[in-house]
There are 2 protein chains.
Amino acid sequence: MPASEIERMIQLLARLPGLGPRSARRAALALIVKRESLLRPLGEALLRAADAIRPCTICGNLDDRDPCGVCADPERETAVLCVVEEVGDLWAIERAGVYRGRYHVLGGTLSALDGRGPEQLNIARLLERAAVPEVSEVILALGATVDGQTTAHYIAERLEPLNVSITRLAQGLPVGGELDYLDDGTLSAAFRQRRPA
Amino acid sequence: MPASEIERMIQLLARLPGLGPRSARRAALALIVKRESLLRPLGEALLRAADAIRPCTICGNLDDRDPCGVCADPERETAVLCVVEEVGDLWAIERAGVYRGRYHVLGGTLSALDGRGPEQLNIARLLERAAVPEVSEVILALGATVDGQTTAHYIAERLEPLNVSITRLAQGLPVGGELDYLDDGTLSAAFRQRRPA
């Protein structure tokens with residue numbers, strides 16, 4: 001029977017996506033074997049992240065400063081807003097290196113099934129940001145899922161009265177695919193081929 | 001681009017067995033979302049484990065005390081030693097609840113390929129422990145792999161001069177296993193080791 005400290009570590013590791021009880025035990029053993037090179041640095045990194053990382057009050061990105069690095073960067077275009085579901089999608093777009101504007105993280109999609117309505121998402125703030133005169137385009141970079149497209153449709157309708165062009169990513173996203181899992185090339189192509197919503 | 005604290009966390013998580021760069025990113029996001037219920041507790045648990053967990057100087061088990069809980073337990077039989085490759089194997093046997101003796105963790109197997117000889121394993125200490133008069137049986141609970149069986153053979157030879165019986169785990173059908181799905185080696189072993197019904 002593992003000691004209580006190991007047991008506790010295994011229980012918490014098993015709650016990570018992608019790790020079950022069995023792989024959590026393997027991970028715990030690997031950590032203990034690499035005590036000073038992995039276990040302690042990871043523990044310290046997690047606590048530093050717990051203290052430092054917070055959502056950006058402007059766009060919802062996660063960063064160690066507020067406004068986040070993207071919002072605070074004077075080099076980024078202010079005329080374009082890219083709306084994404086989750087921070088992981090923002091990271092994926094940044095990795096593709098195809099976009100130089102700002103972001104807006106919704107925090108999910110509308111979902112009748114999960115009972116998520118517009119007020120659960122970061123939509124009101126998006127409408128405020130899109131109403132600023134210098135914003136000329138809002139890119140709806142949402143997943144090609146039913147919920148993603150429903151959300152895109154809803155937001156497009158709400159943005160309609162504003163003086164902005166509303167675009168979506170080009171078809172090229174695999175049907176049912178989530179942005180976070182997309183390869184850089186496909187993601188770049190989808191950005192270049194975005195069209196009016 | 002994730003902040004440096006997130007980036008560091010992702011890099012370290014990606015070094016866990018079972019997590020690649022992509023799943024490490026998902027895990028990092030899941031951790032940040034559950035900052036107080038998962039991220040901080042996991043960080044604290046890892047640091048506590050880094051401070052507290054060490055190998056038992058008697059058997060090689062990992063525990064927050066030395067001798068470990070098994071070695072220190074007066075209820076455990078002292079007449080039987082169960083030799084395992086790794087601490088994870090010890091945990092598996094403890095979960096099965098089938099064994100009430102002591103353990104000896106080798107720290108791996110002999111391996112010509114990886115250049116691991118007897119002096120790299122915790123074998124000398126095993127011979128000392130098995131030589132104590134009250135020990136009457138040594139169970140070689142090593143994997144049914146080439147390296148595991150080579151190691152078992154080597155240890156059995158070294159134990160030969162001592163007054164202990166040397167046993168191995170039976171090979172055969174896994175409980176609930178169907179013959180149709182069994183590999184040839186296991187099926188052959190199950191046939192060879194058949195016993196009266």
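In the text below, chain A, chain B and the rest are named by the order of the sequence lines, each starting its count at 1. This structure is a prediction, so every number in the text was calculated from the model and none was measured.
- Under the 4.5 Å side-chain heavy-atom criterion for grouping Ile, Leu, Val, Met, Phe, Trp and Tyr, A:V87 is not connected to A:L81 through any hydrophobic cluster.
- With a 6.0 Å radius and a threshold of 12 heavy atoms from other residues, nucleotides or ligands, B:N163 has its CG atom at or below the threshold.
- In this structure, A:D183 places its CG atom where more than 12 heavy-atom neighbours from other residues, nucleotides or ligands lie under 6.0 Å away.
- The choice from B:P17, B:G69, B:A92 that makes the most heavy-atom pairs within less than 4.5 Å of chain A is B:P17.
- Under a hydrophobic-cluster definition in which Ile, Leu, Val, Met, Phe, Trp and Tyr are linked whenever side-chain heavy atoms come within less than 4.5 Å, directly or via other members, A:W91 and A:L106 are assigned to different clusters.
- In terms of hydrophobic clustering, with Ile, Leu, Val, Met, Phe, Trp and Tyr side chains grouped at heavy-atom distances under 4.5 Å, B:L159 and B:V80 are assigned to different clusters.
- With a 4.5 angstrom heavy-atom cutoff, A:R65 does not touch chain B via any of its atoms.
- With sequence neighbours left out, A:Y154 forms a side chain to side chain donor-acceptor pair (under 3.5 Å) with A:R158.
- Under the side chain to side chain donor-acceptor pair (under 3.5 Å) criterion, A:E128 pairs with A:R125, sequence neighbours left out.
- Residues A:L162 and A:I58 do not share a hydrophobic cluster, clusters being chains of Ile/Leu/Val/Met/Phe/Trp/Tyr side chains in contact below 4.5 Å.
- No part of A:I93 comes within reach of chain B, as not one of its non-hydrogen atoms sits under 4.5 angstrom from that chain.
- Looking only at heavy-atom pairs under 4.5 Å with chain A, the residue among B:M9, B:R22, B:R54 that has the most is B:R22.
- Taking both residues in full, the closest heavy atoms of B:L13 and A:L16 are given as CD2-CD1, 4.3 Å, listed atom of the first, atom of the second, then distance.
- At a 4.5 Å heavy-atom cutoff, the contact between B:I53 and chain A is made by backbone and side-chain atoms alike.
- Below 4.5 Å, heavy atoms of chain A meet no heavy atom from residues 137-148 of chain B.
- No continuous path of hydrophobic side-chain contacts links A:I155 to A:L90 [ILVMFWY only; heavy atoms under 4.5 Å].
- Interface with chain B: from residues 23-48 of chain A, residues A:R25, A:R26, A:A27, A:L29, A:A30, A:L31, A:I32, A:K34, A:R35, A:S37, A:L38, A:L39, A:R40, A:P41, A:L42, A:G43, A:E44, A:A45, A:L46, A:L47, A:R48 qualify, criterion being any non-hydrogen pair under 4.5 Å.
- The choice from B:G18, B:P55, B:C68, B:A49 that makes the most heavy-atom pairs within less than 4.5 Å of chain A is B:A49.
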